[in-house]
There are 2 protein chains.
Amino acid sequence: MIIWKKVSNNNNIVYVDKRILFTYNLIDHWSKREFKMAELTKDIIIQQARIRFIEQGYEKVSMRGIANDLGCSHGALYYHFKNKTALFSDVLDYYFQELNSIIDRIMVQEENDKLKDLFLEFIRFGLDHPYQYELMFMLKSKEMDSLMQRPATESYERFAAAVEQASGIHLYSDHIYSIFLALHGFVSLHLHRIENFEEAAEGAARHVEFLKKTI
Amino acid sequence: MIIWKKVSNNNNIVYVDKRILFTYNLIDHWSKREFKMAELTKDIIIQQARIRFIEQGYEKVSMRGIANDLGCSHGALYYHFKNKTALFSDVLDYYFQELNSIIDRIMVQEENDKLKDLFLEFIRFGLDHPYQYELMFMLKSKEMDSLMQRPATESYERFAAAVEQASGIHLYSDHIYSIFLALHGFVSLHLHRIENFEEAAEGAARHVEFLKKTI
DNA sequence: CTCCTATTTTGACCAGTGGTCAGTTTTAGT
DNA sequence: ACTAAAACTGACCACTGGTCAAAATAGGAG
């Protein structure tokens, strides 16, 4: 990414990533600009926030850190997003979509044990996206929760409908909810204690088997 | 609680709680001391930390805030505790004990539905002690987790043993673990979304009923 | 090309955090 | 009364999320 950087009033440096491309001096003000500043868009901010988020988690990612990666000031981020919560709410939209499409994919497959897959893949998603899951289903603050509630509910309803369909029989909504809670319990207890799904795969399989038997 | 407070070098004020008791001046240094400073003990710090913790939660309680309540400097707290984590680890010991005695109490009662009580009271404990539960069973950091793991495991084992005994039959440990996860899931999903157990009592009762049927 | 306005961006600033540590005060024993 | 150990202080550090006046840039109209 190209970054223009002002050094003194008229002395400027143009970077590509972190390396100097060239320097130049302003005569008047570079009227009829041949260059534009690399534009800072919501999208590019979200993208960078996600990169840091995946390895550091919400708490440890700082707005200043993101701004630094992007070669802009942290103040600029607050022009595009009301606050940190709003930024990460947008980051998470992506993952709600991912979870939804996991569910959809299982339902269109053939010859698979759909119930088992639904349960197991939900757990896998949680454990392979620990920081994301944390914010999606284990709220950190009232403010974050109010932003997550709608997409979380939508994902749950998609899951619930899929479970009923996969079972081939009528299920009480309480029953499905209890199963969901049990899956959530597994994820939330193992979150951050293991590195990835595989480490808990056996336990997950047993838990899933237990839940399947209730149907 | 009595607090001595230095104002200028020789001008001192003695407080009881937040109100002035009397002032005095030092001549030399108050040799052969008639008074002792109100001592700052681990216990009194834990006690005050708990008070703030209950209403604010781990993140929002600050060491400076606690020190202020206690009329000492925040540095003093670090003399007694290595860091914030260590302090709150001690705060939580109390609640692990409370959870353990809830389990014990249920088991010595007579003519009660022990399984139902065990399940329901676990949920009640979690929802009525949201900030505590969060730290006890939903780790915030590797450091906190390593301190919580031992007492959490102990509490779980007590719970598991109680469940098996209450059921009157042999239960596979995987089965008990799955039930525990399901209860944990209920608590962790409702935590902070409701004010107290009563608000979720009906849902909790249905979830518990579902789990009982698996036995 | 010159203005002029609107949009973006900057960076000093604020109030707050957990944590450290040299220097001081207080305690307790000799 | 002296001394060594224990307890405590508060300036300091590096950091956080967030604000905002001022400055830079963009884009259109004349």
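Reckoned from all heavy atoms, side chains included, excluding hydrogens, waters and symmetry mates. A, B, ... follow the sequence lines: proteins, then strands. Residue 1 opens every chain. All values reported here derive from a predicted model rather than from experimental measurement.
With contacts defined as side-chain heavy-atom distances shorter than 4.5 Å, the pair A:Asp145/B:His192 does not qualify.
Checked against the 6.0 Å centroid criterion, the rings of A:Tyr133 and A:His129 do not qualify as a close aromatic pair.
With hydrogens and angles ignored, no donor-acceptor pair closer than 3.5 Å exists between the side chain of A:His74 and the base of C:dG11. A donor and an acceptor atom never sit less than 3.5 Å apart when one is taken from the side chain of A:Arg64 and the other from the base of C:dG11.
Closest-nucleotide positions on DNA chain C for B:Tyr78 and B:Gly75 were compared, and the one nearer the 5' end corresponds to B:Tyr78. Between A:Val61 and B:His80, it is B:His80 whose nearest contact on DNA chain D lies nearer the 5' terminus.
Here side-chain hydrogen bond (donor to acceptor under 3.5 Å, both in side chains) pairs that include residues 156-166 of chain A, with residues two or more places apart or in two chains, are A:Asp104-A:Arg158, A:Glu164-A:His170.
Going from atom CG of A:Leu40 over to atom P of D:dA24 covers 19 Å, rounded to whole Å. A:Tyr58 places its OH atom 14 Å from the P atom of D:dT16, with the value rounded to the nearest Å. The distance between atom CG of A:Leu77 and atom C1' of D:dC20, rounded to the nearest whole Å, is 15 Å.
For the pair A:Ser73 and C:dT9, the criterion of a side-chain N or O lying under 4.0 Å from OP1 or OP2 is not met. Taking only side-chain nitrogens and oxygens, B:Tyr79 never comes nearer than 4.0 Å to OP1 or OP2 of D:dC8.
Counting heavy-atom neighbours within 6.0 Å of A:Glu195 CD, excluding the residue itself, gives a total of 12 or less.
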